[in-house]
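Structure, as structure tokens:
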Amino acid sequence: MTADTRMIGFERDSELGALLAQFGAIQDYRATLPEHLLGILRQQQPSVIIESAELLGAPKCDLGGMQHPDRKTLVRVQTLRVPLDLRLTLRVGTQKS
């Protein structure tokens, strides 16, 4: 279903995959992103298919947390936001045009 989704421009992700895996958020976001997006899109249009997902720019992470009171070089992460600017190419149904 999403195995055929072309992932374009994700070589510019500035090691985002390694960062997300290190925080234990997700092991391989590139592999799970198409399926996640498809689930959201299919709530609106059940027969939609994602042909490609293009990363339009390098992601910028926003990290929030609190500095450890005893060890100033240690930060307890409370929030991690990573907005992705994507262009999706979609089609409806199973016929390729």
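Values below: every heavy atom of this structure, side chains too, minus hydrogens, waters and symmetry copies. Position 1 is the first residue of the sequence; numbering continues from there.
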Side-chain heavy atoms under 4.5 angstrom apart, residues restricted to Ile, Leu, Val, Met, Phe, Trp, Tyr: same cluster for Y29 and L56?
-> no
What residues form a side chain to side chain contact (heavy atoms under 4.5 Å, CB included) with D70, not counting sequence neighbours?
-> H68
What residues, two or more places apart in sequence or in another chain, satisfy side chain to side chain contact (heavy atoms under 4.5 Å, CB included) together with L41?
->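 Residues passing side chain to side chain contact (heavy atoms under 4.5 Å, CB included) with L41: V48, I50, L88, L90.
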If a pair satisfies salt bridge (Lys or Arg N to Asp or Glu O under 4.0 Å) and one of its residues is in residues 16-32, list it, with sequence neighbours excluded.
-> D13-R30
Value rounded to 0.5 Å, distance of CD1 in I8 from CD in E51 = 10.0 Å
S52 OG to M7 CE distance, which is reported to the nearest 0.5 Å |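 Output value for this atom pair is 9.5 Å.
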Side-chain donor/acceptor pairs under 3.5 Å, residues 78-85, sequence neighbours excluded:
| from | atom 1 | to | atom 2 | distance (Å) |
| --- | --- | --- | --- | --- |
| T79 | OG1 | G64 | N | 3.4 |
| R81 | NE | D62 | OD2 | 3.3 |
| R81 | NH2 | D62 | OD2 | 3.0 |

Got a sec, which residues hit side-chain hydrogen bond (donor to acceptor under 3.5 Å, both in side chains) with [X], two or more places apart in sequence or on another chain?
| X | value |
| --- | --- |
| R12 | none |
| E15 | none |
| T32 | none |

So, do L16 and F10 sit near enough that their side-chain heavy atoms are less than 4.5 Å apart?
->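 A side-chain contact under 4.5 Å is absent here.
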Are side-chain heavy atoms of E54 and L86 found at a separation under 4.5 Å?
->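 Side-chain contact under 4.5 Å: no.
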